[in-house]
Q: 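Before we start, here is the structure in question, set down as structure tokens.
We name chains A, B, ... by the order of the sequence lines, and we start the count at 1 in each one.
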Amino acid sequence: MNDKTKERFFEQVYKEVFPVVMKVAYHITKNLPAAEDVCQEAFIKFYHRPMLFPNMEEAKYWLIRVVKNLGFNYLEHEKVKSRAFDKIKFEPSFTEETGEKNLMKQETVEQVSRALEQLPENLRAPIILREYGGMNYKEISKALGISESNVKIRIFRGREALEKLLPRGEVYVP
Amino acid sequence: MCPDLEILSTYYDDEIPETHRKEIEIHVSSCQKCQKILKEFENISGFMEQVPEPDFTASAGNVWDRISDSLEKDDVRQDFWHRKVWFSFPAAAAVAAVFIAVFSISVLSYYIGRNSTSAPVVSQELNLTDAKDYSQSVEQLFEDDTLDFVIPASDSFVHAGEPLLIREVDFKARRY
């Protein structure tokens, strides 16, 4: 494969995979610039990888796995940093809206963020890929390198944990 | 009997095989407990959906620009420091063959040179050109009661032939 074909494949992968990879990165880091950094690093790693991918799907799974790892690394760093600066909580950088309804929405968002934060990484990653990435069990198992039955169990355990952390029986604001 | 919660979670994700799905569907439609559990899963998804997502189209452009900048920089560095030198395989093989040939010739010629330059042990009186004749000559020599030993005119003293000669002389000398 020469440089031209390599570049063309890279561009193709970027166009196709970036949206889902960015989504995953964003919901892990909960920070837009950080998610962009994570994606940039992942794609540069992908570019420099000597082994080629047989198809788009394999490239996608590889990128999602790298983004997931980089995202959680970022969170780990942030945790250490916020501890160092004696910052209690990392504020998600959501676009601020006004109005009572939006205030409620803001509260819900924070509840979800806090609940997800309490999930261990091995439960949080499959839940994020399922709920935000819209991936099925097979895709998640390939991206995370675990078996499908393991994905099934982890998603269920994640839901179980979230159910306890999120307000019960409360109907979400549509 | 109600299905396992894990199975309900799988059912919620639409990951139950076709054959069992119908079964569960029929059960769920008549079981309030299971309906409630599925409602809870829906509730979780609903909560998670509430987390807004910024528009990622701008990010796609930004990140692409940053990636190409970074890769270009790498390329420049590579041009300067790590210029790739490409050999086709036959060229590399030819270079290797020439190297091996030159190396082996130089090594061989060194040994051949050593063999030919060191003078064979020859004494004018004894004519010791070869070891068999030489042992006889030593016997004769002792019979005559005279020993005239000529040190070979060689620059390399310990040579393949010489220890044999010395040993032979030593042995014969001790016998008498």
Q: Is there side-chain contact between A:Tyr47 and B:Leu71, with heavy atoms separated by less than 4.5 Å?
A: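 SC-SC contact between A:Tyr47 and B:Leu71 confirmed.
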
Q: Sort by residue number and list every member of residues 11-33 of chain B having a non-hydrogen atom under 4.5 Å from chain A.
A: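 From residues 11-33 of chain B, the residues near chain A are B:Tyr12, B:Asp13, B:Glu15.
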
Q: Can you tell me how far apart CD1 (A:Ile153) and OG (B:Ser9) are? Round to the nearest 0.5 Å.
A: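 Between A:Ile153 CD1 and B:Ser9 OG, I get 10.5 Å after rounding to 0.5 Å.
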
Q: For B:Glu53, look at atom CD and say whether over 12 heavy atoms of other residues, nucleotides or ligands are found less than 6.0 Å away.
A: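 Correct, the count exceeds 12.
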
Q: Is there side-chain contact between B:Ile7 and A:Phe156, with at least one heavy-atom pair below 4.5 Å?
A: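 They are not in side-chain contact.
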
Q: For the side chain of A:Tyr132 and the backbone of B:Met48, is there at least one donor-acceptor N/O pair under 3.5 Å apart?
A: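 Judged by distance alone, yes, a pair lies under 3.5 Å.
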
Q: If I take atom CG from residue A:Leu162 and atom CD from residue B:Glu40, how far apart are they, to the nearest 0.5 angstrom?
A: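 With rounding to 0.5 Å, CG (A:Leu162) is 12.0 Å from CD (B:Glu40).
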
Q: For the hydrophobic clusters of this structure (ILVMFWY residues joined by side-chain heavy atoms under 4.5 Å, transitively), does one cluster hold both A:Tyr61 and A:Leu144?
A: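 No, because A:Tyr61 and A:Leu144 fall into different hydrophobic clusters, even though each may have its own neighbours under 4.5 Å.
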
Q: Consider only side-chain heavy atoms of I, L, V, M, F, W and Y, link residues closer than 4.5 Å, and tell whether A:Met56 and A:Phe10 are in one cluster.
A: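 Linked, A:Met56 and A:Phe10 end up in one cluster.
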
Q: Roughly how far apart are B:Ser70 OG and A:His48 NE2, rounded to 0.5 Å?
A: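 One finds 6.0 Å between OG of B:Ser70 and NE2 of A:His48.
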
Q: Side chain, backbone, both or neither: which part of A:Lys15 has an atom under 4.5 Å from a heavy atom of chain B?
A: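 For A:Lys15, neither part sits under 4.5 Å from chain B.
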
Q: Let me confirm one number: the CZ-CD distance from A:Arg159 to B:Glu6, rounded to the nearest 0.5 Å.
A: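 Separation between the atoms: 11.5 Å.
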
Q: Measuring heavy-atom distances to chain B, does A:Glu11 have an atom under 4.5 Å in its side chain, in its backbone, in both, or in neither?
A: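 Answer is both: backbone and side chain atoms of A:Glu11 are under 4.5 Å from chain B.
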
Q: Kindly write out the residues that satisfy ring-ring contact (aromatic ring centres under 6.0 Å, His included) with A:Phe72, not counting sequence neighbours, or none if the list is empty.
A: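 Listed in chain order: nothing, the list is empty.
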
Q: Please state whether the side chain, the backbone, both or neither of A:Leu116 comes within less than 4.5 Å of a heavy atom of chain B.
A: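 Only the side chain of A:Leu116 comes within 4.5 Å of chain B.
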
Q: Report yes or no: do A:Ile155 and A:Ile146 belong to one cluster of Ile/Leu/Val/Met/Phe/Trp/Tyr joined by side chain heavy-atom distances under 4.5 Å?
A: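 Yes.
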
Q: Is it the side chain or the backbone of A:Arg130 that comes within 4.5 Å of chain B heavy atoms, both, or neither?
A: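 A:Arg130 touches chain B through side-chain heavy atoms alone.
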
Q: Please list, one pair per line, the donor and acceptor atoms closer than 3.5 Å that link side chains of residues 58-66 of chain B to other protein atoms, with sequence neighbours excluded.
A:
| residue | atom | partner | partner atom | Å |
| --- | --- | --- | --- | --- |
| B:Ser59 | OG | A:Glu36 | OE2 | 2.6 |
| B:Arg66 | NE | A:Gln40 | OE1 | 2.9 |
| B:Arg66 | NH1 | A:Glu36 | OE1 | 3.2 |
| B:Arg66 | NH2 | A:Asp37 | OD1 | 2.5 |
| B:Arg66 | NH2 | A:Gln40 | OE1 | 2.9 |

Q: Kindly write out the residues that satisfy ring-ring contact (aromatic ring centres under 6.0 Å, His included) with A:Phe18, not counting sequence neighbours, or none if the list is empty.
A: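 Applying ring-ring contact (aromatic ring centres under 6.0 Å, His included) to A:Phe18 gives A:Tyr14.
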
Q: Which answer fits B:Leu5, side chain, backbone, both or neither, if we ask what part of it has an atom under 4.5 Å from a heavy atom of chain A?
A: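 When you check distances to chain A, atoms from both the backbone and side chain of B:Leu5 fall under 4.5 Å.
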
Q: List the atom of B:Phe47, the atom of A:Gln111, and the distance in Å for their closest heavy-atom pair.
A: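 In terms of heavy atoms, the two residues are closest at CE2-OE1, 4.0 Å.
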
Q: Between A:Phe46 and A:Val67, is there shared hydrophobic-cluster membership here, with clusters defined by ILVMFWY side-chain heavy atoms closer than 4.5 Å?
A: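 Yes, because A:Phe46 and A:Val67 connect within a single hydrophobic cluster, where side-chain heavy atoms sit under 4.5 Å apart.
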
Q: Taking all non-hydrogen atoms of both residues, which atom of B:Val51 and which atom of A:Val109 are closest, and how far apart?
A: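 Closest heavy-atom pair between B:Val51 and A:Val109: CA-CG2, 4.0 Å.
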
Q: If hydrophobic clusters are built from ILVMFWY residues whose side chains come within less than 4.5 Å, do B:Ile44 and A:Leu165 share one?
A: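 No, it is not one cluster - the side chains of B:Ile44 and A:Leu165 are not joined through contacts under 4.5 Å.
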
